[in-house]
There are 4 protein chains.
Amino acid sequence: MSLIEVKSELIYNVTAPTSFLFNIAPVQNEYQFIRQEVITLNPAFPYAFKEIGTLGNRIIRFSGNPGQLQVSYQATVELSQDRDNPPQIEENNYSDLPDEVLPYLNPSRYCESDKLGRFAMQEFGQLAPGFLRVRAICNWVHQSLEYVPGTTDARTGACDVLLQKTGVCRDYAHLAIALCRALCIPARYVSGYSVGLEPPDFHGFFEAFLGSRWYLFDATRMAPTNGMVRIGTGRDAADTSFATLIGAATLEQMMVSAQELTDDISLQSNGADEAISTV
Amino acid sequence: MSLIEVKSELIYNVTAPTSFLFNIAPVQNEYQFIRQEVITLNPAFPYAFKEIGTLGNRIIRFSGNPGQLQVSYQATVELSQDRDNPPQIEENNYSDLPDEVLPYLNPSRYCESDKLGRFAMQEFGQLAPGFLRVRAICNWVHQSLEYVPGTTDARTGACDVLLQKTGVCRDYAHLAIALCRALCIPARYVSGYSVGLEPPDFHGFFEAFLGSRWYLFDATRMAPTNGMVRIGTGRDAADTSFATLIGAATLEQMMVSAQELTDDISLQSNGADEAISTV
Amino acid sequence: MSLIEVKSELIYNVTAPTSFLFNIAPVQNEYQFIRQEVITLNPAFPYAFKEIGTLGNRIIRFSGNPGQLQVSYQATVELSQDRDNPPQIEENNYSDLPDEVLPYLNPSRYCESDKLGRFAMQEFGQLAPGFLRVRAICNWVHQSLEYVPGTTDARTGACDVLLQKTGVCRDYAHLAIALCRALCIPARYVSGYSVGLEPPDFHGFFEAFLGSRWYLFDATRMAPTNGMVRIGTGRDAADTSFATLIGAATLEQMMVSAQELTDDISLQSNGADEAISTV
Amino acid sequence: MSLIEVKSELIYNVTAPTSFLFNIAPVQNEYQFIRQEVITLNPAFPYAFKEIGTLGNRIIRFSGNPGQLQVSYQATVELSQDRDNPPQIEENNYSDLPDEVLPYLNPSRYCESDKLGRFAMQEFGQLAPGFLRVRAICNWVHQSLEYVPGTTDARTGACDVLLQKTGVCRDYAHLAIALCRALCIPARYVSGYSVGLEPPDFHGFFEAFLGSRWYLFDATRMAPTNGMVRIGTGRDAADTSFATLIGAATLEQMMVSAQELTDDISLQSNGADEAISTV
């Protein structure tokens, strides 16, 4: 068990009536317990956290008027990750996959797995199926790409990334997800807070379904997997935007942080010896 | 209320052990009552219909061995469509949309709405919001595209379709969905059986969320909206394949039909006076 | 006849030995006479203008060492445009096109005319062939696109532009060229200096082959066609970069200007009554 | 010196007046001497071979009326290839490249080298520059792709091929060309007749500019480089279509062959010890 304090603050200049949706609060489940949380809207708006979908994503929605809007969130999260032994975690045959994970085999906007079938088989088809193959995909993505902010944008998908060989965390995740799905391994996108991320920011990583559960992976290796606090889960980044707004507002300032409050997180990269699951 | 008999028969030549998933049985809900259904697998396999997700899609899954596989489905479906008056059906402001329809605003693999924001605003931004605007989108798609089987494939998305100006029913639906989402109208893909479709086949159409419910649209105008029996619902065609198979099998024969058993279906195109909802 | 003074100044910070190629000097031909020109390199390098290809493009090439590099060009150009009467200018049948213009029917990197055959026929197929049809294409491009610097980059092609509906001068030209070629009208890209362009910059426009010669068009309408001084001609912008460099250098400052020295240029947009040719 | 007999026969069903352009006759230059050639049009049309552009491509153009059209070409070509020693052939610095080869560094419709800069550097940047690096590119393309007719079409470019990992000869050439250009090696497409090609067909390969001349490469390894008779040269396949037609005609039959008449062609693959040049 570890204790992590997460914080985010977003300041907008709102120039016309605008509808906001925020997805910045961590999910609450048996592996991720929110001891305390506080969200402050300034000016104050009536709001309520709502849990949407079957994945536990928690959103707040409200309409804002012109002027400055400040959204501050702070929470203390108790993380009880499950750890399994990588070499013992197997892939499933298609026929053995639970019904509910099947949608995560489908191609999505930013993970065009349907186009990468031969590519994935050529690069990874010879490897033994299992957790270690997904780790090999992460290693390959890590080595193939260069982390260069500004080289991709909201329209960039896995195929673009594969060609241009640069991206940021969401692009690393999208490419790894697309390759997994192309190999018939269910995979999905996770947004979150990450201890140790430099510079501090919201993070994007992914999960693959192996054995009988979802395991966390981060192809960027920029933060330890065991310091990740899940916010949103979805097919790709389209499902987990931290902020969606319809109207006219400019993000003027953003501050994100994740600090461990206890000492039991030994920073650990994806290359480490454990398979971590939090759902 | 109308009564429709739907049938499908798929014959595969299976050349290696193969996992099958079929999504050919209609959804059952208060608007679509399945009076009777029968599925025959030859050779016989143990199977069960399972309702997956929150959309009621019903699938059967099983593994097949080399040899011929014949899947025959037949059902009698009682369709109780709700009909509303188009000019009275309004679009929702983003802030008023129910949480559960929000995912259908996100871009998906075949409906890259994120790329079509200005395009949609330029073509449809001047029209009054509401059911009639979605119908205008359908009319535009219908007039823009030429229905040419063979010009698109499983990798073709709405942007491709918009450029090449040809496609089949799934492409018409994808383009219309992408344009709706780009205008902030939730939209999703529906596969189904359609009375009057020539040549008979599985059909693909779409739904837009307007007022407080989902309404059916078919930009192909190839079959009356009131003779559509819903099979699968999803973000786009990736979620509603009638057959998914992992292994080695070739579809050798396919027969699909939908016949009205009663007389109360007056064939009616999308240009008609009613707004039809079945969910 | 009109007299135009063109100037450009480029200042680079060179951080490693770098090979430079500049294409900033106007073409010299019977319609465009260079009365005087001066290029200053600081530090001084040996160089020579070379006329490459069959289109008269004039380049200088040299290698530069680390430090600041300043390239200043100034010329006085006598422009003797030919003017024809638009309604009398006809398109050619494919079989009547001269051999040497045929390559300008082929798709090129940024003008993917092969993908836009139906699109072009649908929008412009009903119009009478001739100069006025090309003007209609320009008008359509002008009305379809919004001029937004920063929304496109060096990888953006005509199909991207058509979907996203924004671009800068090179994107306007690429889209118009692609549509012309799709209609079997030879078209090519021209870079140049333009009197009256705001803000002053190098400009990109295009030519279509009609009747027995090439006519100038500018779908941006940002500068009068009769104040255009041709620099480079090619299949698309890939052939006419004003600067190509291999090494490491950053453009730190750029100044471009084009001033008429006489009074006989009445600023005239593409919508005006004349068809202008300078080759 | 070797002697090769090339033949092609194309039979069209013409259903409306149609303009034809054929580029099926080999180029004549000091390395490729046409001893004798005969073209037969049935029905007979007035025609003349014309040499277009600076590359020697020879075309015939004519207009055909409804009915059957048969085009038969036969020639005996004396091939005097130059052979150099691969390890001694170097790449050029950008600043040393002759002006006339510079256009073959530009991206073209089917060779989007501008998108593959990092990809090429990552795969081939560590190899010593020179002929052997281009051969390494060919080997890589050969191993990466699977030759599967029908998986690509006239709109498929190098980036598509790189993702989907299949193609035919033109796709192999396009990908290799794009990778060369991305590494600043001028490269261009060549269509031709090839001795030993199975099944017999027109072939597509490519040339890279190394040292002071153009060398032939064939990433498909389907035919010996020393049995290639050049027909058309261009930036990519867009410039070298063997037949272009505007109107309405269907290719009903096509026969192509290339036979050595002498014994001195020892079939030799790209992996062999010689560098072959024919221009």
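The model shown is predicted, which means the values in this text are computed figures rather than measured ones. Residue numbers begin at 1 in each chain, while the letters A, B, ... track the order of the sequences. Hydrogens, waters and symmetry mates are skipped; everything else that's a heavy atom, side chains included, is used.
Among the candidates A/K115, A/Q164, A/Q122, the residue making the largest number of heavy-atom pairs closer than 4.5 Å to chain D is A/Q122.
The part of A/E146 that comes within reach of chain D is its side chain, from C-beta onward, which places non-hydrogen atoms under 4.5 angstrom from that chain.
By the 6.0 Å contact criterion, CD on A/E90 is open, its count of non-hydrogen atoms from other residues, nucleotides or ligands being 12 or less. Around CD of A/E198, the count of heavy atoms belonging to other residues, nucleotides or ligands within 6.0 Å exceeds 12.
Annotation: side chain of D/R118 is not in contact with side chain of A/T151 (no heavy-atom distance under 4.5 Å).
Taken to the nearest 0.5 Å, the CG atom of D/L162 stands 5.5 Å off from the CG atom of A/L163.
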